[in-house]
Number of protein chains: 4
Amino acid sequence: MENVVAQRIETERQERIERILDAARKLFVEKGYLGATMRDIALEAELSTGAIYVYFSGKDDIYERVCEEAFMVVIGLIKKEAITEGTPRDRIRAIARQYVTFYTDYTEYFEMLTFHDLGFTKRGQSEHLRERLKDLTAQAVRIIEEVMVEGIAGGEFSSDIDSAQASFNLWAGLEGVLILDMMGYLKNFNLDLEKVVQTQLKILLGGIMAKTRE
Amino acid sequence: MENVVAQRIETERQERIERILDAARKLFVEKGYLGATMRDIALEAELSTGAIYVYFSGKDDIYERVCEEAFMVVIGLIKKEAITEGTPRDRIRAIARQYVTFYTDYTEYFEMLTFHDLGFTKRGQSEHLRERLKDLTAQAVRIIEEVMVEGIAGGEFSSDIDSAQASFNLWAGLEGVLILDMMGYLKNFNLDLEKVVQTQLKILLGGIMAKTRE
Amino acid sequence: MENVVAQRIETERQERIERILDAARKLFVEKGYLGATMRDIALEAELSTGAIYVYFSGKDDIYERVCEEAFMVVIGLIKKEAITEGTPRDRIRAIARQYVTFYTDYTEYFEMLTFHDLGFTKRGQSEHLRERLKDLTAQAVRIIEEVMVEGIAGGEFSSDIDSAQASFNLWAGLEGVLILDMMGYLKNFNLDLEKVVQTQLKILLGGIMAKTRE
Amino acid sequence: MENVVAQRIETERQERIERILDAARKLFVEKGYLGATMRDIALEAELSTGAIYVYFSGKDDIYERVCEEAFMVVIGLIKKEAITEGTPRDRIRAIARQYVTFYTDYTEYFEMLTFHDLGFTKRGQSEHLRERLKDLTAQAVRIIEEVMVEGIAGGEFSSDIDSAQASFNLWAGLEGVLILDMMGYLKNFNLDLEKVVQTQLKILLGGIMAKTRE
DNA sequence: AATGAATGAGCTTTCATTCAT
DNA sequence: GATGAATGAAAGCTCATTCAT
């Protein structure tokens, strides 16, 4: 019996934490770390300012946990959906599509991680977040690289380009499109994200596969 | 004689303005619009807080002038160095290289413009800056497009891809590399910017030139 | 039970607001709008500067509410105690005495309204306060005028003087005494307010009643 | 020869001082002591801020000298134009008219002195100004009193009222009209200053002369 | 003497955090 | 646990005064 009560309390607790994180994520993306006030977050989470301090030790703590959550989502996506079927080309295309899906479905998380890197917080602070992001990225790039190595071994990809570099360039090429979309440039140029991504992949993969004549 | 004195005074005045702008640019990039305080800027410029208000009407004014300066630098580079010699491929490569030079030589300006777009300031504010940035970008993309049209006409580039889109993708591919460098990822992966840029151009141009077999 | 608590909280809230207004009134009168600082007011109200902003939106807000309060007091006095008994002469004397009572009992409010008019605030600001004060004054003068009309009709007052003007002059004659007291001149001349007021009324009413021989 | 130069320099000096005082008087009346900035005063006087400190030791000094000037003007008027001809009644009327002339011709000086008294500056400050103003007022009231004593002796004025008090009341009655005009109430009521003053004098003198029947 | 840029204390206001209830 | 009023440090900005020129 008591167990049921304890469980309900715990559920409510998690619910409240999630509400705060949702509010914070939204506001951090919207107004930045300094622009979003604790009062804003409390109001958005439909709580009092004081209540927030029951669940979090302060603004920095919330910020870190929002980033943490963003990590967990990306990691989850990366881990869960390792693509192992099809030609290397198809598999890379699938991985890329997964990244784009992360961007469209979890835009706020994507923006959080991007913003964090671009200096939302004071430099020097949350060095460990930066470290984790670095590891995560390395992991992601390595996944692409493995497929690429296979592709080169199978002759599908040109051996002119180092597989590690090619992976990085692939990522950069896609990242560029997503960030420009985030900045609103696709809208400015009346371009469709889906189409631009497709074209970009066609170009990048075409460029990697082609015998370079330089 | 007086003329000399007046000139010296004017020079010192410009020097001071530049010192303030330098300090502001550095701190805006480092800590963001809200994170950089007027006191910080004054200290960095080795002035008292009050002195800044002799030259600028307030924080917003400084911010706008820093952005303005960044604009002027980019516009200057774009206007000055229209590349008209060589094959379309060479010309695009040259334009790209110019963009990379802007990034390496004027990193802070590049970051300012990027940050501005990414929401350093409160959303909605300085709408006109955003508008100018949009125009500027359109201009830059159009320059690439012109060369591309020529390249398609001359048969050097595949006609499979719309020239406007291809230009955009080219830009995105390069921008991605520069932003990842800005974020420190190239360093993380022990990659050399120059080399990655070269590879990226090879890939992108290769992809665009290739008859796509899809 | 909860009702009791809520009531106590509300009481305390009102208490605090009153403490702030008391402090502000005192300091505005003492040092003027610009001379009285928020720190001063907070200190006088035994609160931190921040606490004030829980109850008021800023200095202007406090200022307006202090004036508002002064208005309410005067209006209350005017409305509540319309004097309708006795001869016109007695009634005017009673109204005058009421005005003097307002001055002695609510000196700070009297000073606030006077100061406000004399340019305590930046000119042009709070135009609506000035408008209300004008209305209020018109109201008050009209009350005197009505009695005066009656007095003329009844033959008690001389018909040589226009009733509207006479009312105004009566007011001015009394106001002069009060302001000179406010300035400390009665004390300087070792005069007693009560006595001077009595004499002034005797003179003014005497002058108004007398057949003028000019 | 040198004398001529020295004289010109001295003249220019006086000219500059007068320009500063004119500017200050205007601005103190317009915006109050704190509202008027040294920069405002310098601009109005067509000088640099620094130049002001050659002639005055600071803002307080200017303020005091503006008051001083106001004093000199009033004292000059009082001393110069002792009215000794006509009946006591005519003489008092003439003195009153002189005071009104001071008000209309030197409104700013009149306002300065009034404002000063009403607490433009921090209380306690410039105690000696207050002292001088007190003396001055006593002097002025004494002049009226002398005439009044004469009037009582000659049977023109009622002996019911103490001459000192009557003088004070006369002053207060007139002062009230002038201050209400300063506040803009005459304009509000569409009254003409000249007419109201005349009426006020008629009333006051009538009241003083009449045998009081109380 | 005259200039006006520079200083820095002090203004109003905001906001992360605490704490009595 | 939850509330929201209270705190006080720190923000952007102003301005009397100084001082190198």
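Quick caveat, the model's predicted, so the values are computed rather than measured. Reckoned from all heavy atoms, side chains included, excluding hydrogens, waters and symmetry mates. Reminder, nothing fancy here: chain letters follow the sequence lines and each chain counts from 1.
C/Leu43 has its CG atom 14 Å from the P atom of E/dG10, to the nearest Å. Remark: C1' of F/dT17 and CD1 of D/Ile20 are 15 Å apart, rounded to the nearest angstrom. Taking atom CG of residue B/Leu27 and atom C1' of nucleotide F/dG12, one finds them 15 Å apart after rounding to whole Å. Rounded to an integer number of Å, the gap from CG of C/Asp60 to P of E/dT12 is 11 Å. Between the P atom of E/dT14 and the CZ atom of A/Arg39 lies a distance of 11 Å, rounded to the nearest Å.
If you check every strand for non-hydrogen atoms under 4.0 Å, B/Ala42 touches nothing. Residue C/Ile9 is out of contact with every strand shown, counting any heavy-atom pair closer than 4.0 Å.
Sequence order on DNA chain E of the closest nucleotides to B/Thr49 and B/Arg16 puts B/Arg16 first from the 5' end. With the nearest nucleotide of DNA chain F identified for both D/Thr37 and B/Met38, B/Met38 has the one nearer the 5' end. Both B/Gly50 and A/Glu46 sit near DNA chain F, but only A/Glu46 has its closest nucleotide nearer the 5' end. When each of D/Arg13 and B/Ile52 is assigned the nucleotide of DNA chain E with its nearest heavy atom, D/Arg13 is the one assigned upstream, toward the 5' end.
A donor-acceptor distance shorter than 3.5 angstrom exists from the side chain of D/Arg19 to the backbone of D/Ala45, with no hydrogens or angles considered. C/Lys31 contributes no side-chain N or O that, together with a main-chain N or O of C/Thr37, makes up a donor-acceptor pair within less than 3.5 Å.
Within the model, atoms CD of C/Glu18 and CG of C/Asp22 stand 5.0 Å from one another, a figure rounded to the nearest 0.5 Å.
F/dG8 is paired with E/dC15 under the Watson-Crick or G-U wobble criterion, all donor-acceptor distances under 3.5 Å. Using the Watson-Crick or G-U wobble rule with both distances under 3.5 Å, E/dA1 pairs with nothing in any strand shown. Pairing partner, E/dA20: F/dT3, with both Watson-Crick or wobble hydrogen-bond distances short of 3.5 Å. The partner of F/dT14 is E/dA9, judged by Watson-Crick or G-U wobble contacts that both fall below 3.5 Å.
Between D/Tyr63 and D/Tyr33, the gap from one ring centroid to the other is short of 6.0 Å.
Set against E/dT12, F/dT17, F/dG12, the side chain of C/Lys59 has E/dT12 as its closest nucleotide.
For E/dA2, the OP1/OP2 oxygens have no side-chain nitrogen or oxygen of D/Tyr53 closer than 4.0 Å. Close to F/dT7, at under 4.0 Å from its OP1 or OP2, lies a side-chain N or O of C/Ser48.
Ion pairing of C/Asp61 with C/Arg65 is present here, as a side-chain N (NZ or NE/NH1/NH2) and a carboxylate O approach within less than 4.0 Å.
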